[in-house]
Amino acid sequence: MALFFAFFALFLFPSSISTASPPSSEPLQITYGTVLKLMHEKTKSRLHSHDVPYGSGSGQQSVTALPSVDDSNSYWIVRPQIGTSAKQGDTIESGTIIRLQHMTTRKWLHSHLHSSPITGNLEVSCFGGDSESDTADYWRLQLEGSGKTWKQDQRIRLQHVDTKGYLHSHDKKYTGIPGGHQEVCGVLEKRADNVWLAAEGVYLPVTGSK
């Protein structure tokens with residue numbers, strides 16, 4: 001499976017990709033164009049989506065957190081906001097607005113004022129496509145701890161620009177759905193349950209800076 005995604009990324013991003021692991025003292029940088037999974041720190045589940053709509057709220061494509069490490073629907077492509085000069089291979093500083101594009105369905109991680117299905121917080125969905133994106137797809141990267149640019153081992157929060165909600169998950173699961181899918185939602189406060197880390201993925205080499 002990992003080999004498949006390496007070939008997929010090479011096709012999707014024609015620039016060269018380094019597959020060598022750096023020394024442990026030099027964690028991988030997250031750059032635009034990187035394909036990765038985001039792991040919820042507290043539950044270890046991966047941010048996930050698939051072509052299944054919510055049965056309430058917006059009715060848009062659902063977003064969950066999934067404990068399985070191997071599911072291909074948990075890959076996201078890191079993209080810049082619309083209209084910037086940022087390009088593939090640029091590093092990403094704390095405070096930068098980014099977008100996350102679901103690799104399989106090409107829709108964007110999205111939020112709005114609809115209520116989430118389980119807790120009634122802000123709904124997080126996937127919406128749009130390659131040629132359809134707006135400010136509801138914008139998330140501000142906040143690094144936790146020291147460091148200026150996003151690295152693989154960096155604890156992060158993602159704050160939705162329009163609603164100010166933090167990307168959040170918890171141990172509350174959907175009933176009747178196999179696999180142990182957790183709710184993903186937005187909450188307005190900083191909590192331990194809205195910290196994430198970059199996990200598995202194909203990390204593009206640094207070719208510039210933002």
Side-chain angles (χ1 to χ4, degrees), residues 1-21 27-41 43-54 60-81 86-92 96 98-111 124-133 137-139 141 150-158 160 167-169 177-184 194-206:
M1 182 65 73
L3 184 62
F4 168 80
F5 282 108
F7 280 118
F8 180 89
L10 283 166
F11 171 78
L12 189 62
F13 310 114
S15 63
S16 61
I17 296 175
S18 174
T19 56
S21 297
L28 288 167
Q29 292 270 4
I30 313 299
T31 61
Y32 290 117
T34 288
V35 181
L36 54 73
K37 293 183 179 182
L38 278 181
M39 182 181 74
H40 187 241
E41 183 185 49
T43 64
K44 311 305 180 191
S45 290
R46 272 62 173 172
L47 185 69
H48 177 88
S49 188
H50 48 269
D51 191 14
V52 175
Y54 283 120
Q60 294 173 4
Q61 182 171 301
S62 58
V63 174
T64 63
L66 189 65
S68 171
V69 175
D70 299 325
D71 197 296
S72 61
N73 283 311
S74 299
Y75 281 100
W76 302 82
I77 308 168
V78 182
R79 304 287 197 195
Q81 69 178 106
K87 61 187 182 300
Q88 181 177 301
D90 284 352
T91 58
I92 307 170
T96 301
I98 66 170
R99 296 178 296 161
L100 291 174
Q101 186 175 29
H102 189 238
M103 192 183 75
T104 307
T105 64
R106 313 302 292 179
K107 295 182 180 181
W108 303 97
L109 188 69
H110 188 91
S111 191
V124 173
S125 64
C126 272
F127 190 67
D130 286 320
S131 59
E132 183 183 3
S133 180
D137 308 326
Y138 286 3
W139 299 83
L141 174 71
W150 188 11
K151 298 180 176 66
Q152 187 180 22
D153 65 348
Q154 186 83 50
R155 300 169 70 246
I156 68 163
R157 286 185 169 89
L158 291 173
H160 191 245
L167 186 68
H168 185 90
S169 191
I177 303 175
H181 290 262
Q182 299 166 194
E183 183 186 58
V184 170
N194 44 53
V195 175
W196 302 79
L197 298 99
E200 303 81 16
V202 178
Y203 291 77
L204 298 193
V206 175

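Closest of all the heavy-atom pairs between E200 and Y75 is O-CE2, 4.3 Å. Across every non-hydrogen atom of C126 and K107, the tightest pair is CB-CB, 3.8 Å. Across all their heavy atoms, W150 and Q29 have their closest contact at O-OE1, 3.3 Å. Summarising the geometry of S49 relative to V63, their closest heavy-atom pair is OG-CG2, 4.0 Å, with the distance given to 0.1 Å. Smallest separation of non-hydrogen atoms from V78 and T31: CB-O, 4.1 Å.
When the side-chain hydrogen bond (donor to acceptor under 3.5 Å, both in side chains) test is applied to Q154, no partner is found at least two apart in sequence or on another chain. Residues that satisfy the ring-ring contact (aromatic ring centres under 6.0 Å, His included) test with W139, not counting sequence neighbours, are H160. Applying the ring-ring contact (aromatic ring centres under 6.0 Å, His included) rule to H102 yields the partners W76; only residues at least two apart in sequence or on another chain are considered. Applying the side-chain contact (heavy atoms from CB on, under 4.5 Å) rule to L66 yields the partners H48, S68, D71, H181; only residues at least two apart in sequence or on another chain are considered. Partners of R99 by salt bridge (Lys or Arg N to Asp or Glu O under 4.0 Å), not counting sequence neighbours: none found. Partners of H40 by ring-ring contact (aromatic ring centres under 6.0 Å, His included), not counting sequence neighbours, listed by chain and number: W196. For S62, the side-chain hydrogen bond (donor to acceptor under 3.5 Å, both in side chains) test picks out no residue, with sequence neighbours left out. K151 pairs by the side-chain hydrogen bond (donor to acceptor under 3.5 Å, both in side chains) definition with T149, not counting sequence neighbours. Qualifying ring-ring contact (aromatic ring centres under 6.0 Å, His included) partners for Y138, counting only residues two or more places apart in sequence or in other chains: none. Residues forming a salt bridge (Lys or Arg N to Asp or Glu O under 4.0 Å) with E183 (at least two apart in sequence, or on another chain): none. Under the rule for a side-chain hydrogen bond (donor to acceptor under 3.5 Å, both in side chains), Q81 has no partner lying at least two apart in sequence or in another chain.
With contacts defined as side-chain heavy-atom distances shorter than 4.5 Å, the pair V69/R46 qualifies. Using a 4.5 Å heavy-atom cutoff, the side chains of T104 and D51 are not in contact. Residues Y32 and L204 are not in side-chain contact: their nearest non-hydrogen atoms beyond the backbone lie 4.5 Å or more apart.
For the atom pair CG of L47 and CG of N73, the computed distance is 11.5 Å after rounding to the nearest 0.5 Å.
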Original post:
Step by step, would you call D130 with Q101 a side-chain hydrogen bond (donor to acceptor under 3.5 Å, both in side chains)?
Top reply: CA-CA 9 Å; D130 286 320; Q101 186 175 29; 2.7 Å; yes
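In this structure, Q182 contributes its side chain and T64 its backbone to no donor-acceptor pair below 3.5 Å.
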